[in-house]
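Here the structure is laid out as structure tokens; the discussion comes afterwards.
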Amino acid sequence: MVHSTIGKIRYHQRENQCAIESLLKALWIKNSSRVQPLEIGMALHLLGMAYFRVGNTAEACSLLHKALTKYEMAKLARNHPFVVRAT
């Protein structure tokens, strides 16, 4: 939870490299524990957006695709704001 929150704050402050570091830690922890697909999807989504901001579009697209898969697993509707933004 701490790394996710720090990552979100850094992302909104446009400190993208710091955001990436925190979000990677959060994602590693989430993948190592029993976390709902929605939470993992949200972490992947924000991480993808941070990678996009630093110009790594290949990694950003890969992460956003994974986020969409997690959103689908969480049974979010196609018109849900998370799904729309990730698309």
Side-chain angles (χ1 to χ4, degrees):
M1 186 80 142
V2 172
H3 288 296
S4 292
T5 302
I6 291 170
K8 288 177 192 174
I9 291 168
R10 297 291 191 203
Y11 176 81
H12 290 292
Q13 291 175 332
R14 296 198 174 270
E15 295 176 8
N16 299 304
Q17 197 58 47
C18 292
I20 288 169
E21 291 172 15
S22 291
L23 292 167
L24 282 172
K25 290 174 187 175
L27 189 58
W28 183 81
I29 292 167
K30 287 176 191 275
N31 280 324
S32 299
S33 59
R34 295 181 186 195
V35 176
Q36 298 296 320
L38 179 59
E39 288 185 51
I40 295 173
M42 290 169 38
L44 288 164
H45 186 162
L46 192 56
L47 184 57
M49 296 305 295
Y51 270 109
F52 180 78
R53 280 188 179 172
V54 297
N56 191 340
T57 54
E59 187 66 22
C61 288
S62 174
L63 290 165
L64 290 170
H65 179 72
K66 290 176 184 178
L68 288 169
T69 300
K70 294 295 182 181
Y71 290 159
E72 186 176 309
M73 290 172 66
K75 300 185 186 325
L76 292 185
R78 291 181 186 225
N79 63 348
H80 190 282
F82 291 170
V83 176
V84 171
R85 287 185 201 130
T87 301

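Values below: every heavy atom of this structure, side chains too, minus hydrogens, waters and symmetry copies. Nothing here was measured: the structure is a model prediction, and the numbers come from that model.
Leu44 and Val35 fall within a single hydrophobic cluster, where Ile, Leu, Val, Met, Phe, Trp and Tyr side chains are chained together by heavy-atom contacts under 4.5 Å. Residues Val54 and Leu23 share a hydrophobic cluster, clusters being chains of Ile/Leu/Val/Met/Phe/Trp/Tyr side chains in contact below 4.5 Å. Side-chain heavy atoms closer than 4.5 Å link hydrophobic residues (I, L, V, M, F, W, Y) into clusters, and following such links, even through other members, never connects Phe52 to Val84. Note on Leu46: it does not cluster hydrophobically with Ile6, by side-chain heavy-atom contacts below 4.5 Å among ILVMFWY residues. Ile29 and Ile40 fall into different hydrophobic clusters, where Ile, Leu, Val, Met, Phe, Trp and Tyr residues are linked whenever their side-chain heavy atoms come under 4.5 Å apart, directly or through other members.
One finds the CD atom of Glu21 at 11.5 Å from the CG atom of Leu47 (value rounded to the nearest 0.5 Å). Atom CZ of Arg10 and atom CD of Glu15 lie 4.5 Å apart (nearest 0.5 Å). Between the NZ atom of Lys8 and the OG atom of Ser22 there is a distance of 12.0 Å, given to the nearest 0.5 Å. Atom NZ of Lys25 sits about 13.5 Å away from atom CG of Leu27, to the nearest 0.5 Å. In this structure, OG1 on Thr57 lies 10.0 Å from CD on Glu59, to the nearest 0.5 angstrom.
Remark: side-chain polar atoms of Ser62 are not paired, donor with acceptor, to backbone N or O of Ala58 under 3.5 angstrom. Arg53 places a side-chain N or O within 3.5 Å of a backbone atom of Tyr11 that can act as its donor or acceptor partner.
The two residues Ala67 and Gly41 have their closest heavy-atom pair at CB-O, 3.5 Å. Scanning both residues, Gly7 and Ala19, for their nearest heavy atoms gives O-CB, 3.6 Å. Nearest heavy atoms, Ala50 versus Ile20: CB-CG1, 3.6 Å.
Remark: Lys30 pairs with Glu39 by the salt bridge (Lys or Arg N to Asp or Glu O under 4.0 Å) rule, at least two apart or across chains.
Counting non-hydrogen atoms of other residues, nucleotides and ligands closer than 6.0 Å to NE2 of His80 gives a total above 12.
Hydrophobic cluster membership for Val83: Leu38, Met42, Leu68, Tyr71, Leu76, Phe82 (Ile, Leu, Val, Met, Phe, Trp, Tyr linked by side-chain heavy atoms under 4.5 Å, directly or transitively).
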